[in-house]
Undergrad: 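Have a look at the structure that comes next, please.
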Amino acid sequence: MKIYDAAMGPYPARVRIALAEKNMQSQVEFVPVDLLKGEHKTPEFRALNYSGTLPVLELDDGTLIAECTAITQYLDMLDGRPTLIGSTPREQGLIHMMSKRAELEVLDAISVYFHHATPGLGPHVELYQNPEWGLYQRDKALRGMRYFDGILQDQPFVVCEAFSMADITLIGALIFMGYLDVDVPAECEALPAWYARMQERPSVKNRITMSDLTVLAS
Ligand code: GTS
């Protein structure tokens, strides 16, 4: 299997965390794609993923699976013992819902803020920017964080009593925020406490970060 990604990217991190949780990193070859050069918007890359985004999983038979949720689902099901997407219909429904909610209300909103209201990936990649839309999405993300703070006041994980894909999606959002000037609202206590606990997990703690790349480049 190959995964086209950018090592420090918040969305790719979701799949890398899932791989580490499943202890499957050695089964994958990572193919780096340079976002700052806009490699993900070329016709060659769009032939792999119409949406022009990372990550993309390519199976040995050439099958292409994009979208972090779909990739995580595929990887989690491979051994027949899903631990991230839920094992009962109820768990699967709840985890899918909350992962989608973490995407819609926080992670994707932060991403829109980045691409529209900051320099984003630079002028040759960001061909259309709407700063007002970006700031609106940043505020949406702040509301989403307050929502998840409320959820996490009553339970240790985003869904039920176990770590899941829904936690991974929300971790992706906080990784993205860490690169930007967006902070968790000051009144939120459960969300930062949850994130501190998440960062103790080897799958999260040992991931490649921006500072690792800076060290490698120096
Ligand atoms: N819905 C997609 C998914 O879940 O996979 C979104 C993927 C996405 O936005 N990926 C980012 C991307 O390709 C990668 S990263 O910014 O997290 O590294 N962004 C580039 C762009 O131009 O949108």
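First listed ligand is number 1; within each ligand, the first listed atom is number 1. Treat the numbers as computed from the prediction; the structure is a model and nothing was measured.
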Undergrad: For Ser203 and Glu21, which I'm curious about, is there any donor-acceptor pair between the side chains at under 3.5 Å?
TA: yes
Undergrad: Any idea which protein heavy atom is nearest atom 19 (N) of ligand 1, and the distance to it?
TA: His115 NE2, 4.1 Å
Undergrad: At the 4.0 Å heavy-atom cut-off, does Lys41 count as touching ligand 1?
TA: yes
Undergrad: Just wondering, do Ser111 and Tyr11 contact through their side chains at under 4.5 Å, heavy atoms?
TA: yes
Undergrad: Please indicate whether Phe45 has more than 12 foreign heavy atoms, meaning atoms of other residues, nucleotides or ligands, lying under 6.0 Å from its CZ.
TA: yes
Undergrad: Hey, does Tyr11 come in under 3.5 Å of ligand 1, counting only N/O atoms on both sides?
TA: yes
Undergrad: With a cut-off of 4.0 Å, which atoms of ligand 1 are near a heavy atom of Cys68?
TA: 3 (C), 4 (O), 5 (O)
Undergrad: For atom 10 (N) of ligand 1, tell me which residue out of Ile175, Leu127, Leu54 has the closest non-hydrogen atom.
TA: Leu54
Undergrad: Below 4.0 Å, non-hydrogen atoms only: which portion of Arg14 touches ligand 1? Side chain, backbone, both or neither.
TA: side chain
Undergrad: So if I apply the side chain to side chain contact (heavy atoms under 4.5 Å, CB included) rule between Met198 and each of Leu170, Ile17, Ile171, which one comes out positive?
TA: Ile171
Undergrad: At what distance, to the nearest 0.5 angstrom, does CD of Glu105 lie from CD of Glu103?
TA: 11.0 Å
Undergrad: Of all the atoms in ligand 1, which lie at a distance below 4.0 Å from a heavy atom belonging to Gly9?
TA: 17 (O), 18 (O)
Undergrad: Quick check: does Thr53 get an N/O under 3.5 Å from an N/O on ligand 1?
TA: no
Undergrad: Heavy atoms only, cut-off 4.0 Å: how does Leu121 contact ligand 1, side chain, backbone, both, or neither?
TA: side chain
Undergrad: Give the residue and atom name of whichever protein heavy atom lies nearest to atom 16 (O) of ligand 1, and the separation in Å to one decimal.
TA: Leu35 CD1, 4.0 Å
Undergrad: Among all protein heavy atoms, pick out the one at the shortest distance from atom 22 (O) of ligand 1; state its residue, atom name and that distance to 0.1 Å.
TA: His40 NE2, 2.9 Å
Undergrad: Determine whether more than 12 heavy atoms belonging to other residues, nucleotides or ligands lie under 6.0 Å from atom CD of Gln155.
TA: yes
Undergrad: With a 4.5 Å limit on heavy-atom distance, are the side chains of Leu174 and Trp194 in contact?
TA: yes
Undergrad: Does any N or O of ligand 1 fall below 3.5 Å from an N or O anywhere on Pro12, backbone included?
TA: no
Undergrad: For the CZ atom of Arg16 and the SG atom of Cys68, what is their distance to the nearest 0.5 Å?
TA: 12.0 Å
Undergrad: Side chain, backbone, both or neither: which part of Asp108 has a heavy atom under 4.0 Å from ligand 1?
TA: neither
Undergrad: Surrounding CD of Glu187 (heavy atoms of other residues, nucleotides or ligands, distance under 6.0 Å), is the total greater than 12?
TA: yes
Undergrad: Could you tell me the residue and atom name of the protein heavy atom closest to atom 1 (N) of ligand 1, and the distance to it rounded to 0.1 Å?
TA: Glu67 OE1, 2.7 Å
